[in-house]
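Worksheet: the structure to be examined is printed underneath.
Along the sequence shown, residues carry numbers from 1. Counting starts at 1 for both ligands and their atoms, following the listed order.
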Amino acid sequence: MLIVVKLEYDRIKEKLGFKIMNIQLLNKKINEINDSIEVVVLKTTKYLEKSEKKLLDNIFFSKESFNIYFNSLNNRLYVSCLKLKSENIKTAFFKVIEFLKKTKINSIKIDIVQSNKEFDISNIVEGLVFGNYSFDKYKSVKNSKNIEIFISVSNSKKSIDELQKLLDKALIISNSVNFTRDIVNTTPQDYTPKTMAQTALNLVNKNISCEVLGEVEILKEGMNAMFSVGKASINESQLIHLSYKPKNPKAKIVLVGKGVTYDTGGLSLKRGDSMVSMKCDKAGASTILGIFEALGKLEIPFEIHGIIGAVENMIGGNAYKPDDILKAKNGKTIEVTNTDAEGRLVLADCLCFAQEKIKDIDYIFDFATLTGASIMAFGGYTTAVMGYSEKLKNKIAKASKKSGELVGFLPFNEYLEKRLKSEVADMVNTSANKNGGAITASLFLSKFIEDKNKKKWLHFDIAGPSYRQENWGYFYYGATGVGIRLFFKFIGT
Ligand code: BES
Ligand code: MG
Ligand code: ZN
């Protein structure tokens, strides 16, 4: 059943507005590329000419990474980078673009081989594309600068065809990260569950299909937990099912996402200051939308499903309440002890829906801004990963290293599981004891994972890294699109 959501407001149609970068590979020596500023990444100032060395040492080039200096005499832009490892290369190029945005310079050239090291093109691209990101949709004055980028590859060990493929892939994935960032950064008045359904429908192409269920169908499916969370909102809840089906897929992967377009906490209302930023509560779903945006442009040999629960957690005369007992799709009953633990209710039903509709699943991952406790546990930059399979967690640890996304693992135990016991229903949605809250939330979700899928499931709590109210590394204030790069490394892209 395919229900095409009609748009109620024109503004919803507004295209997501990030700028795509123009990056060209040139099979020319760096000096043969004219009219551009040369970006030089400096591990050390040792080999520079004396006066230049002195100047750069005075501004701590040999002591600190990511200092920037533009020498107008030789048209070089220097960036210090004391360790040439992947994450630092990304940050170095990010800082270059961040700097250039404040100048009149609009064309740069980069030698892929510098300091006797051939940079990985995808690291350069990520740094540049994330540096170029800006969320100025709501600014009256926009930064519309276009920077042209030439990469000299004549010294590369790789063929230009191979490099072009790597460049294209890196551009697709890093732009899909920016696509997700735009969604998460968009305000709750402009981004409702129906807007999210529309974003998903816009991704449909020859390999991607999409089904959207409204509240009538959600209730018909027996998804009372998800329905209850959204019922006080004037914006109708939407269950979105995206499918990517290539020919002869190697495996079947299901991604389930929390798409709470705004989380007031419901009747267990959040305090004003912790409510600010809760537009980020759709980040899990938005990560899945970003993955599908990239899937539309890549050739990936896996069948991939995205199941998104898009709801708004509001207050009102019709709101679900603490003390309510909700019956989830799998028949299990949940005593609501806190309406602010809404994400797990939405996910519970979405996980059941996914396992009922999709057979022979190889992996089932859920992405959610689920708990403040995961931020407490890891400090905010790290995704908290939980699940029953050590083997699968090890694979994620490897993907984390390759992608640069930080992950940490939290362990389950039977004592924490006991905290979910209810006197009147099968379980409570929150326990009175808040310690280990990221783990109890995940254990709650595990009650909705069928036994045969227990070892195929992982839960990714992205409450910390998906949205930060600060600039950090190669990210600006706001959404980060976390999960996308990790996922693509996991599947070997
Ligand atoms: N959306 C929040 C979690 C969150 C917190 C995301 C901070 C991003 C930043 C979630 O719905 C929530 O409110 N969780 C509660 C659970 C509690 C009531 C057990 C929390 O973490 O306080
Ligand atoms: Mg909440
Ligand atoms: Zn929430």
From D281, does some N, O or S atom reach closer than 2.8 Å to the Zn ion (ligand 3)?
-> yes
Check whether NZ of the Lys or CZ of the Arg R181 lies under 6.0 Å from the centre of the six-membered ring of F135 and within 45 degrees of that ring's axis.
-> no
Can R468 be said to sit on top of Y477's aromatic six-ring, NZ or CZ under 6.0 Å from centre and within 45° of the ring axis?
-> no
Filter the ligand 1-protein atom pairs down to N or O on both sides and distance under 3.5 Å, then list them.
residue  : atom   : partner : partner atom : Å
ligand 1 : 1 (N)  : K258    : NZ           : 3.4
ligand 1 : 1 (N)  : D263    : OD2          : 3.2
ligand 1 : 1 (N)  : D281    : OD1          : 2.7
ligand 1 : 1 (N)  : D281    : OD2          : 3.0
ligand 1 : 1 (N)  : T369    : O            : 3.4
ligand 1 : 11 (O) : K258    : NZ           : 3.2
ligand 1 : 11 (O) : D263    : OD2          : 2.9
ligand 1 : 11 (O) : D340    : O            : 3.0
ligand 1 : 11 (O) : E342    : OE1          : 2.9
ligand 1 : 11 (O) : E342    : OE2          : 2.9
ligand 1 : 13 (O) : K270    : NZ           : 2.8
ligand 1 : 13 (O) : D340    : O            : 2.9
ligand 1 : 13 (O) : D340    : OD1          : 2.8
ligand 1 : 13 (O) : D340    : OD2          : 3.1
ligand 1 : 14 (N) : L370    : O            : 3.4
ligand 1 : 21 (O) : G372    : N            : 2.7

When you check the gap from the basic side-chain N to the acidic O, do R485 and E126 get nearer than 4.0 Å?
-> yes
Indicate if the distance from the Zn ion (ligand 3) to the nearest N, O or S atom of K258 falls below 2.8 Å.
-> yes
K455, NZ atom: more than 12 neighbouring heavy atoms under 6.0 Å = no
Find the distance between NE2 (H459) and CD1 (I449) and round it off to the nearest 0.5 Å.
-> 10.5 Å
Shortest non-hydrogen contact between F488 and I291, atoms and distance = CZ-O, 3.7 Å
Looking only at atom types and distance, does a side-chain atom of K329 sit under 3.5 Å from a main-chain N or O of E221, one as donor and one as acceptor?
-> yes
Euclidean distance, D426 CG relative to T333 OG1, rounded to 0.5 Å = 3.0 Å
Are E293 and S176 linked by a side-chain donor-acceptor pair shorter than 3.5 Å?
-> no
In D263, which N, O or S atom comes closest to the Zn ion (ligand 3)?
-> OD2
Give the total of protein N/O/S atoms at a distance below 2.8 Å from the Mg ion (ligand 2).
-> 4
Centroid-centroid distance, F292 to Y244, less than 6.0 Å = no
Would you check if there is a donor-acceptor pair between the side chains of Y388 and K456 at a distance under 3.5 Å?
-> no
By atom name, which N, O or S atom of E342 is the nearest to the Zn ion (ligand 3)?
-> OE2
